[in-house]
Amino acid sequence: MCPKNVDPRIAINMDPNTPRAFDNVYYKNLQQGKGLFTSDQVLFTDKRSRPVVNAWAANSNTFNSAFITAITKLGRVGVKTGRNGNIRRNCDAFN
């Protein structure tokens, strides 16, 4: 749920150690129990996703390669436009 009247200038770093770097430190933080949100931390506490967190924390090249693959796939997703799409002005309501 989106809170009302949130100051859009407020931001919290998901990785307080290296907030301006694109790296795998986010996953190292999860290993140390420093996930910002419960939904982040569960990536490490859940046995199904823990091996991926460990792999990406241990090897930045593995993380970078997985990111490149994922962002390439995401780039192929069709964007809905016109009557088929809806870019929300408020995230909690359709326009």
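Hydrophobic side-chain contacts under 4.5 Å tie V25 to no other Ile, Leu, Val, Met, Phe, Trp or Tyr residue.
Distance check, rounded to the nearest 0.5 Å: OG of S60 to CZ of F22 gives 10.5 Å. One distance of note links CG of L74 with CZ of F67; it measures 9.0 Å at 0.5 Å rounding. Q31 contributes atom CD, which lies 10.0 Å from atom CD of Q41 (distance to the nearest 0.5 angstrom). Separation of atoms OG1 (T69) and CG (N64) is listed at 11.0 Å; rounding is to 0.5 Å. Rounding to the nearest 0.5 angstrom, the gap separating the CG atom in L30 from the CG atom in N54 is 10.0 Å.
V6 and I12 sit in two unconnected hydrophobic clusters of ILVMFWY residues. Membership requires side-chain heavy atoms under 4.5 Å apart, directly or through other members. Y26 and V42 end up in different hydrophobic clusters when Ile, Leu, Val, Met, Phe, Trp and Tyr side chains are linked at under 4.5 Å.
Annotation for N59 and N61: closest pair OD1-N, 2.8 Å, computed over non-hydrogen atoms. Taking each heavy atom of N24 and W56 in turn, the nearest pair found is ND2-O, 2.8 Å. The two residues M14 and D40 come nearest to each other via the heavy atoms CE-OD2, 3.2 Å.
Between the side chain of T72 and the backbone N or O of I68, at least one donor-acceptor pair lies under 3.5 Å.
In this structure, D7 places its CG atom where more than 12 heavy-atom neighbours from other residues, nucleotides or ligands lie under 6.0 Å away.
Partners of R20 according to the salt bridge (Lys or Arg N to Asp or Glu O under 4.0 Å) rule, which considers only residues two or more places apart in sequence or in another chain, do not exist here. For N17, the side-chain hydrogen bond (donor to acceptor under 3.5 Å, both in side chains) partners at least two apart in sequence or on another chain are N29.
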